[in-house]
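As structure tokens, the structure follows; a few thoughts come after it.
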Amino acid sequence: MCVGEVLPDLPIPVTRTLIVATALASRDYQDVHHDPDLARERGSRDIFMNILTSNGLVDRYVTEWAGPAAVVEAIRIRLGVPNHPGDTMVLTGAVTAKTDEGRRVEIAVRGTNSLGAHVTGTVAVRLPSTGGASPDTAAASASTATASPDTAAAS
């Protein structure tokens, strides 16, 4: 991977069930995430997705690309327009920086729906090393894994 690499788009249908279930799963009981009438009273056209769900979906997007052994080190996001039921949020991203011999990667992410940008930000992820063990590590592992006749007799 290199700086400028574009991640594949991830369209996410924004359903009423997704909004309510993920708000409850994250213990966000604010009525604007599950009660359409109260959400309208507060000025919204309908219920809308909470920030914890948006954060989790950004994490999912990057880790699906980076693989299961990658470690997310930081997520920095800002919310824009709301995600309402019946819309689709499309997550997009691109590699913006690489450090530590290419193992730490920063990705600019954006999630848009029919109203505009719902979420924008950056994610820093540490990728697993792709090479095998170094000769020093392999030798150390082999020496600790081999029992001497004295330790074998003592066990």
Side-chain angles (χ1 to χ4, degrees), residues 1-40 42-138 140-141 145:
M1 103 205 32
C2 57
V3 172
E5 180 179 339
V6 176
L7 282 64
D9 292 0
L10 177 62
I12 299 172
V14 180
T15 65
R16 190 168 300 279
T17 301
L18 175 68
I19 293 170
V20 173
T22 55
L24 294 176
S26 62
R27 297 182 179 209
D28 185 345
Y29 304 115
Q30 292 293 317
D31 49 31
V32 293
H33 302 307
H34 64 84
D35 188 322
D37 293 332
L38 286 173
R40 284 186 202 99
R42 288 178 171 78
S44 181
R45 78 171 194 213
D46 202 341
I47 64 171
F48 54 90
M49 184 176 285
N50 72 353
I51 192 170
L52 296 172
T53 301
S54 300
N55 195 71
L57 292 171
V58 165
D59 183 286
R60 169 191 166 199
Y61 175 61
V62 171
T63 56
E64 278 187 7
W65 170 80
V71 175
V72 174
E73 294 184 337
I75 297 177
R76 295 175 192 89
I77 60 170
R78 293 190 118 186
L79 291 184
V81 300
N83 264 340
H84 292 293
D87 212 337
T88 298
M89 177 175 65
V90 179
L91 287 166
T92 58
V95 176
T96 56
K98 284 177 27 173
T99 57
D100 299 340
E101 298 168 1
R103 291 194 53 227
R104 187 173 194 275
V105 177
E106 289 191 16
I107 300 156
V109 295
R110 184 176 181 88
T112 58
N113 60 34
S114 65
L115 299 174
H118 167 70
V119 62
T120 56
T122 59
V123 178
V125 63
R126 180 158 308 279
L127 303 174
S129 51
T130 55
S134 69
D136 294 339
T137 306
S141 295

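One distance of note links NZ of Lys98 with CD of Glu5; it measures 9.0 Å at 0.5 Å rounding. Residue Leu38 holds its CG atom at 11.5 Å from CD1 of Ile47, rounded to the nearest 0.5 Å. Between atom CG of residue Leu10 and atom CD of residue Glu64 there is a gap of 6.0 Å, rounded to the nearest 0.5 Å.
Ser54 and Ile77 get closest at one heavy-atom pair: C-CD1, 4.5 Å. Here the closest heavy-atom approach between residue Leu127 and residue Ala70 is recorded as CD2-CB, 4.2 Å. Closest of all the heavy-atom pairs between Ala97 and Val3 is CA-CG2, 3.9 Å. In terms of heavy-atom proximity, Met89 sits nearest to Leu57 at CE-CD1, 3.8 Å. Nearest heavy-atom pair across Val95 and Cys2 is CB-O, 3.6 Å. Across every non-hydrogen atom of Asn113 and Val81, the tightest pair is OD1-CG2, 3.6 Å.
Put simply, the side chain of His84 reaches to within 4.5 Å of the side chain of Ser44, judged on heavy atoms. Asp46 has its side chain within reach of Arg16: a pair of non-hydrogen atoms, C-beta onward, lies under 4.5 Å apart. Side-chain contact between Asn55 and Asp59 is absent, with no heavy atoms from C-beta onward closer than 4.5 Å. In this structure, His33 and Thr53 have side chains that are not in contact, with every pair of non-hydrogen atoms separated by 4.5 Å or more. Counting heavy atoms from C-beta outward, Pro85 and Ile19 have side chains that approach closer than 4.5 Å. The side-chain heavy atoms of Leu91 and Val58, taken from C-beta on, include a pair separated by under 4.5 Å. A heavy-atom distance below 4.5 Å is found between the side chains of Trp65 and Ile107. Looking only at side-chain heavy atoms (C-beta outward), Asn83 and Val119 stay at 4.5 Å or farther from each other.
In this structure, the side chain of His118 does not engage the main chain of Gly80 through any donor-acceptor pair within 3.5 Å. Arg40 places a side-chain N or O within 3.5 Å of a backbone atom of Arg45 that can act as its donor or acceptor partner. A distance-only check finds no donor-acceptor pair linking the side chain of Tyr61 to the backbone of Gly111 [under 3.5 Å].
With sequence neighbours left out, the side chain to side chain contact (heavy atoms under 4.5 Å, CB included) criterion links Pro11 to Thr88, Val90.
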side-chain contact (heavy atoms from CB on, under 4.5 Å) between Ile12 and Leu18: does it pass, once the steps are laid out? CA-CA 10 Å; Ile12 299 172; Leu18 175 68; 4.1 Å; yes
Pair Ser26, Asn50 - check side chain to side chain donor-acceptor pair (under 3.5 Å), show working. CA-CA 9 Å; Ser26 62; Asn50 72 353; 3.1 Å; yes
Residues Ile51, Asp28; criterion side-chain contact (heavy atoms from CB on, under 4.5 Å); working and verdict: CA-CA 10 Å; Ile51 192 170; Asp28 185 345; over 6 Å; no
Take Asp87 and Phe48 through the side-chain contact (heavy atoms from CB on, under 4.5 Å) test and state the conclusion after the steps. CA-CA 11 Å; Asp87 212 337; Phe48 54 90; over 6 Å; no
I would like to know whether Leu79 and Met49 meet side-chain contact (heavy atoms from CB on, under 4.5 Å); could you show each step before the answer? CA-CA 10 Å; Leu79 291 184; Met49 184 176 285; over 6 Å; no
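Within a 6.0 Å sphere centred on CZ of Arg103, other residues, nucleotides and ligands contribute more than 12 heavy atoms.
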